[in-house]
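Written below as structure tokens is the structure these notes are about.
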Protein chains: 2
Amino acid sequence: MAGEPGGPAQVVLTATIARRYYLDGRSKVEIADEFGLSRFKVARILDTARQSGLVRIEIRHEGEIDVDLSARLRDRFGLQHAIVLDTPDDDAASLRDHLGRAAAQLLAEVITPQDVLGLAWARAVSAMARALPPLPGTPVVQLTGAMSLPGGPDTSVDVVREVASASGGAAHVFYAPFTVPDAATARALRQQPEVARAFAHLPAVTKAVAGVGLWAPGLSVLHDALPEDDRAALVRLGVCADVSGVFLSADGEPVTTQLSERMIGISAEEMRAIPEVITIPYGVAKALAVRASLLSGLVGGIVTHAALASAVLEE
Amino acid sequence: MAGEPGGPAQVVLTATIARRYYLDGRSKVEIADEFGLSRFKVARILDTARQSGLVRIEIRHEGEIDVDLSARLRDRFGLQHAIVLDTPDDDAASLRDHLGRAAAQLLAEVITPQDVLGLAWARAVSAMARALPPLPGTPVVQLTGAMSLPGGPDTSVDVVREVASASGGAAHVFYAPFTVPDAATARALRQQPEVARAFAHLPAVTKAVAGVGLWAPGLSVLHDALPEDDRAALVRLGVCADVSGVFLSADGEPVTTQLSERMIGISAEEMRAIPEVITIPYGVAKALAVRASLLSGLVGGIVTHAALASAVLEE
DNA sequence: CCTCTGCGCGCTCAGATGAGCAGGAGGGGT
DNA sequence: ACCCCTCCTGCTCATCTGAGCGCGCAGAGG
């Protein structure tokens with residue numbers, strides 16, 4: 001690699017020319033005139049300078065974003081946006097806050113006044129809402145019913161309201177549980193004016209933020225909220241991940257379940273119609289679910305941490 | 001410096017584009033097509049990437065050559081070649097060997113079969129001779145008479161012979177002391193056939209290697225070899241440096257001395273006629289003398305170490 | 001001695017690039 | 001509501017740049 005140039009004078013000349021070109025921004029023609037060389041000679045010297053490692057170009061970000069992992073994730077799964085934070089991930093709460101802040105910045109960056117924002121409930125979405133700067137009057141639509149999480153004060157409705165107040169836009173909310181015991185109740189709830197009105201805005205949603213869960217104990221709030229027979233039924237159907245209530249197999253295919261008829265929330269088809277769905281997953285254990293969500297094509301943006309991103313990228 | 005880009009998505013996009021451009025070598029047009037941007041936008045993104053420090057280009061040599069100091073020395077004094085070694089300089093002997101090797105490489109690099117090489121005596125020149133690779137038949141001319149240095153086995157003649165045997169060219173040598181007690185003796189010596197024959201080749205010399213001494217005790221072999229009244233006389237004339245017997249004031253002007261009439265060696269005019277004279281000074285104490293030698297315009301090449309180079313460059 | 005071969009050099013020409021400019025969107029002041 | 005100011009964007013055109021080509025020189029071999 002190194003040691004290419006013939007002798008010390010060559011080394012010094014090469015380094016000087018490299019400096020003029022790369023650091024002083026002179027053109028090769030100027031440099032050729034200055035040193036009495038042809039511009040081709042200068043070009044060849046610069047080539048050897050790069051090949052020999054005398055000129056080193058590195059791309060490195062000072063902040064907490066791992067640009068390399070981000071770009072790889074983005075390329076690998078054809079995403080619109082991928083943000084990987086290089087954050088210590090031992091403490092789930094602080095990790096969630098970090099990701100929430102980054103997601104808030106991302107959302108603020110990509111959203112336009114023409115957008116309609118959809119929000120599904122997830123703890124990371126709640127963290128994002130807290131960090132959100134003022135948005136340009138974007139309407140906010142609630143995508144899922146409420147889930148009772150012990151110790152969590154924010155409900156779906158609260159988060160949507162919070163974001164809408166940050167944006168100054170309308171908040172389309174409804175009060176209903178995420179899951180109910182039977183399909184008839186679900187149908188009835190969906191026909192309630194409040195719920196129907198909110199869901200009518202669903203086709204207009206252009207950007208959404210959702211959570212991702214691995215279908216296993218402790219890794220999906222929805223999973224843990226369901227009775228054992230429902231959990232097992234979905235396992236038998238090959239469910240690997242849920243994206244705010246949309247169930248996916250390990251290779252990212254949507255799985256049709258009877259449970260869906262008993263849920264008040266967005267369907268796979270409706271989610272697919274949303275141009276960009278952003279997820280904020282964390283925890284290496286969820287790698288399989290995250291990969292499923294990315295393979296599904298439902299998800300267009302992801303905000304996560306380095307360990308999980310690496311795990312997802314591994315074969 | 002950092003933190004220029006608007007948001008995380010912008011950071012990732014910028015980093016990805018920078019990677020494509022600087023590391024993958026894609027053109028801006030290709031990148032623009034790939035990301036659906038105009039090539040101008042790509043160019044601007046790349047500009048911000050460099051300004052923000054996300055792309056860092058550094059020029060650094062692995063070996064012992066300090067390319068930065070070398071180039072500064074070269075530019076500052078309009079030299080043809082400057083080689084500054086980043087070598088520990090606590091041990092004079094090993095430092096001399098290092099410089100000698102580097103000078104040998106430099107000489108081998110810049111010399112052509114058409115060149116005629118002149119050699120003045122100096123310890124560093126002797127070290128160079130030892131490290132010299134085969135040269136393309138260059139004739140070698142002795143420039144100065146011999147000096148008796150206690151403990152030094154090599155005389156001017158030996159060094160010239162050694163180099164000539166490495167080059168396979170003719171060795172134009174003579175046996176005569178550098179200084180004699182009176183002008184008449186010097187004139188007589190110069191007219192000796194052997195001496196005259198060697199000096200006849202002087203105008204043909206195209207490259208030479210010489211030593212530099214500071215006119216003070218212990219920093220110039222010539223100074224130390226002269227009686228006290230001669231030393232003092234030169235000090236009174238403002239002599240600061242000697243370049244293989246050519247005396248210079250602190251600002252690099254040649255100083256005419258009566259001593260010159262009593263010396264068998266090259267004159268200032270003859271030295272100025274040589275296209276490139278290379279010196280191999282070492283020791284920070286000689287900084288003033290080295291600066292004088294570089295200001296004089298007599299010297300076109302220098303091989304030295306970082307500490308001395310820095311000292312010379314300081315105002 | 002001549003010829004062959006490989007290498008370094010600079011040329012041509014098409015494509016890439018940069019500087020400067022004009023048009024348009026957004027934001028704030030009156 | 002209106003205007004001005006600024007920033008952002010993409011255009012034109014002149015210049016710069018890279019890929020490929022042919023020349024000439026040095027060294028090997030006949």
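Treat the numbers as computed from the prediction; the structure is a model and nothing was measured.
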Check the pair A/L73, A/L313 against side chain to side chain contact (heavy atoms under 4.5 Å, CB included), reporting the backbone distance first and the verdict last.
CA-CA 7 Å; A/L73 211 52; A/L313 283 167; 3.7 Å; yes
Would you please test A/K207 and A/I274 for side chain to side chain contact (heavy atoms under 4.5 Å, CB included) and show each step?
CA-CA 6 Å; A/K207 293 201 162 53; A/I274 299 177; 5.6 Å; no
Apply the test salt bridge (charged side-chain N to carboxylate O under 4.0 Å, His left out) to residues A/D75 and B/R20: give CA-CA distance (whole Å), side-chain angles for both, the deciding distance (0.1 Å), then the verdict.
CA-CA 12 Å; A/D75 290 350; B/R20 282 275 190 289; 3.8 Å; yes
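Contact check on B/R19 versus A/D68 returns a salt bridge, with a Lys/Arg side-chain nitrogen under 4.0 Å from an Asp/Glu carboxylate oxygen. The pair B/R130-B/E162 does not count as a salt bridge, with every side-chain nitrogen at least 4.0 angstrom from each carboxylate oxygen. Contact check on A/K28 versus A/D47 returns no salt bridge, with no Lys/Arg side-chain nitrogen under 4.0 Å from an Asp/Glu carboxylate oxygen. Residues B/E270 and B/R272 are not paired through a salt bridge, judged by the lack of any N-O separation under 4.0 Å between the basic side chain and the carboxylate.
Rounded to 10 degrees, the angle separating the terminal axes of the helix from C/dC1-D/dG30 to C/dT30-D/dA1 is 10°, with each axis obtained from five end pairs.
Comparing A/R44 and A/S27 by the nucleotide of DNA chain D whose heavy atom lies nearest to each, the residue mapping closer to the 5' end is A/S27.
The distance between atom CD of B/E30 and atom C1' of C/dG15, rounded to the nearest whole Å, is 11 Å. Rounded to an integer number of Å, the gap from A/I45 CD1 to C/dG8 P is 13 Å. Rounded to whole angstrom, the span from the CG atom of B/L46 across to the C1' atom of C/dA16 amounts to 13 Å.
Under a 3.5 Å cut-off, the side chain of A/E64 and the backbone N or O of A/T87 do not form any donor-acceptor pair.
Side-chain polar atoms of A/R96 and A/Y282 form a donor-acceptor pair below 3.5 angstrom. If you check the side chains of B/D115 and B/T206, you find a donor sitting under 3.5 Å from an acceptor.
Contact check of residues 34-43 of chain A against DNA chain C (heavy atom, cut-off under 4.0 Å) returns A/S38, A/R39, A/F40, A/K41.
Close approach of DNA chain D to chain B, defined as any atom under 4.0 Å from a non-hydrogen atom of the protein, starts and stops at D/dT9 to D/dC13.
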